[in-house]
Amino acid sequence: MSPIQPPELLCFVDGRFVSGRASFNKISPVDGSLSATVHEAGQDTVDAAVLAARRALQGAWGNSSVNARAQLLRRIADLIEDRFDEIVAAEIRDTGKPESLARELDVARAAMNFRAFADVVASAGLESFLTERPDGRRALNYAVSKPLGVVAVIVPWNLPLLLLTWKVAPALACGNAVVVKPSEEAPSTATLLAEIMSEAGVPDGVYNVVHGFGPGSAGEYLTSHPGIDGVTFTGETSTGSAIMRAVSPRVRPVSFELGGKNAAVVFADADLEAAVAGLTRSVFLNTGQVCLCTERVYVERPIFDDIVSGLAQQARALKLGRPSDPDTTTGPLISLGHRQKVRSYFDLAIEEGADVVVGGGVPELGADLARGAWIEPTLWTGLDNKHRILREEIFGPVAALVPFDTQEEAIRLANDTDYGLAASVWTQNLERGHQVAQAMRAGMAWVNTWYLRDLRSPFGGFGLSGIGREGGKHSLHFYTEPTNVCVQL
Ligand code: NAD
Ligand code: 6OH
């Protein structure tokens, strides 16, 4: 049997696949094999993509009705489902994540994102005010929404299609044209989505893909391009900062979903079994590579040892392996480069005096996986908030556990961070659950669960975790510009 040829991924501009200025190799994090060759967009390709998007806005797409766009979004969702297995395979090839996860989370959510924003935009109303002035004059004020324009969409590698469609769906729902720059580590599904867009009947130029890297490549060319009207970005805080500098000369709006150093707070009155199961998911899902993952666990002292041993037992039971193996719970990190970063934190934890409860190294998985980016699920105790392990985002299957004595202390410790993305609270006292969740300085606070999503709710972060919120009507705010009309009555 001849081996499957790795695909060659092209950029997509104005409804056509086009070559880039060079190509780069995308390496599988599972075993170090070549998973794709990718065409890198140069400045000329980015220029062409931005121009195509602008032209599309000036054409029929610029006058399309909300109903027509909602229908188109639903068709895109149907086509994603028609090609579900193929998309799952592409997502796995790039990321090495377990097939079950790609099916249940990534690709299912991609279809859901399009349907959710079809519903949101179809049911959105106009804001209006009946004005009554002290001098007796009356007026009707109402705001009509227009597309923001050409939107640059820049996304990371951890949930590639989920995070891409979380932005593309509302952008198209609102009538924008997009130029997307997928991560160099996960370029496949954005490319497949281009085929789906064409098949669904999305007009040429409305969805464009430019592959490449950040600085000195497609990411920088796009964000510093004078023809873009806004940037929506998910990724590292330091990249968000570079993008802000790039857009600042032309003061373009940004929507940023950035890093996190998320806390879980576990009270002694929690359902321990449910808490351990929930923590296991929140620390280790996607090998800890979800911005919402818990890396700090604060536990009320009487149950500290139980939670540490329960979570350690679950960590030891995780099954690292190939994505297609149905027993696999945990894939590799995205790349050897990222593993190097995570391992540097393993060293730092030891230097800072941590007790390693479980993990702390690189697993032996046999010769066929030896060149993959595998890492052991890892838990530490013995550190506190003054240590870098509890302050810096690691973005791996890791957590530090710290005991606390009072509710006030737990809130103070959880909020003692420059980030502010997500938190979870574990207690059977619902009054306490509400109190502590409301006190979290975080964009999302879950009680007795984690990463349970309603796509109409606001999603984003405080502090270093981002700017703005997306989700439901919050997305509509970012992807539109209102014109307020005032009619004297
Ligand atoms: P990253 O910031 O390195 O890269 C994200 C994207 O930005 C990639 O497409 C990359 O090529 C591009 N990029 C890099 N430098 C750029 C520049 N100067 N100009 C323009 N584009 C540039 O992030 P990553 O390593 O791909 O993803 C991991 C990070 O993303 C973690 O910090 C994680 O917390 C964060 N993240 C946040 C959320 C959220 O919703 N808050 C979601 C997922 C990931
Ligand atoms: C970050 O890695 C995860 C972000 C998740 C979402 O944006 C979402 O909508 O579920």
Side-chain angles (χ1 to χ4, degrees), residues 8-26 36-58 94 147-157 160 163-164 167-168 171-172 176-191 193-194 197 204-258 335 337 467 478-479:
E8 182 180 352
L9 304 176
L10 298 168
C11 298
F12 186 71
V13 175
D14 207 11
R16 285 180 310 118
F17 284 100
V18 297
S19 304
R21 65 177 177 189
S23 63
F24 61 93
N25 291 339
K26 161 62 197 164
T37 54
V38 190
H39 282 250
E40 181 189 9
Q43 182 73 58
D44 55 339
T45 306
V46 173
D47 287 347
V50 173
L51 186 65
R54 177 68 55 204
R55 282 215 196 98
L57 288 171
Q58 288 158 353
D94 280 353
L148 178 57
V150 176
V151 181
V153 180
I154 308 207
V155 284
W157 42 258
L163 292 174
L164 176 70
K167 293 173 179 303
V168 169
L172 298 196
N176 296 282
V178 298
V179 180
V180 313
K181 212 299 280 167
S183 168
E184 55 275 33
E185 290 291 355
S188 295
T189 45
T191 315
L193 189 62
M197 290 286 174
D204 292 351
V206 171
Y207 176 85
N208 305 276
V209 182
V210 292
H211 288 298
F213 306 87
S217 184
E220 184 183 334
Y221 302 151
L222 182 58
T223 50
S224 55
H225 202 289
I228 58 164
D229 297 302
V231 180
T232 178
F233 168 72
T234 299
E236 273 194 20
T237 300
S238 59
T239 309
S241 174
I243 291 175
M244 279 183 97
R245 286 194 293 279
V247 300
S248 66
R250 292 175 62 83
V251 287
R252 294 296 184 247
V254 295
S255 175
F256 283 173
E257 297 178 2
L258 307 176
S335 64
I467 296 180
F478 179 72
Y479 294 103

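Each of V209, L10, L9 was evaluated against F17; a single residue qualifies, L10, per the side chain to side chain contact (heavy atoms under 4.5 Å, CB included) test. T191 pairs in a side chain to side chain contact (heavy atoms under 4.5 Å, CB included) with only one of the listed residues (E8, H211, H39), which is H211.
V180 has its side chain out of reach of V155: every pair of non-hydrogen atoms, C-beta onward, lies at least 4.5 Å apart. Considering only heavy atoms from C-beta on, K167 stays 4.5 Å or farther from F233 through its side chain. Counting heavy atoms from C-beta outward, V179 and H225 have side chains that stay 4.5 Å or more apart. Side-chain contact between L148 and P253 is present, with heavy atoms from C-beta onward closer than 4.5 Å. Two residues are said to be in side-chain contact when any heavy atoms from C-beta on lie closer than 4.5 Å; T189 and L164 fail this criterion.
Expressed to the nearest 0.5 Å, how far OG of S224 lies from CZ of R245 amounts to 12.5 Å. Distance check: S188 OG to L193 CG gives 12.5 Å after rounding to the nearest 0.5 Å. Note that the CG atom of D204 and the CZ atom of R55 stand 11.5 Å from one another [nearest 0.5 Å]. Considering CD1 of I154 and OG1 of T223, their distance stands at 5.0 Å, rounded to 0.5 Å. Atom CD of E257 is separated from atom CD1 of I467 by 12.0 Å, given to the nearest 0.5 angstrom. With values rounded to the nearest 0.5 angstrom, E236 atom CD is found 13.0 Å from F256 atom CZ.
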Salt bridge (charged side-chain N to carboxylate O under 4.0 Å, His left out), that's the test. Do E184 and K26 meet it? Break it down for me. CA-CA 7 Å; E184 55 275 33; K26 161 62 197 164; over 6 Å; no

Could you walk me through whether N208 and V50 satisfy the side chain to side chain contact (heavy atoms under 4.5 Å, CB included) test, starting with their C-alpha distance in whole Å, then the side-chain angles of each, then the deciding distance to 0.1 Å, before giving a yes or no? CA-CA 8 Å; N208 305 276; V50 173; over 6 Å; no

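Between the side chains of Y479 and T232, a donor-acceptor pair is found at a separation under 3.5 Å.
In terms of modelled atom types and a separation under 3.5 Å, the side chain of K181 and the main chain of A152 share no donor-acceptor contact. Looking at N176, its side chain does come within 3.5 Å of a backbone N or O of G149 through a donor-acceptor pair.
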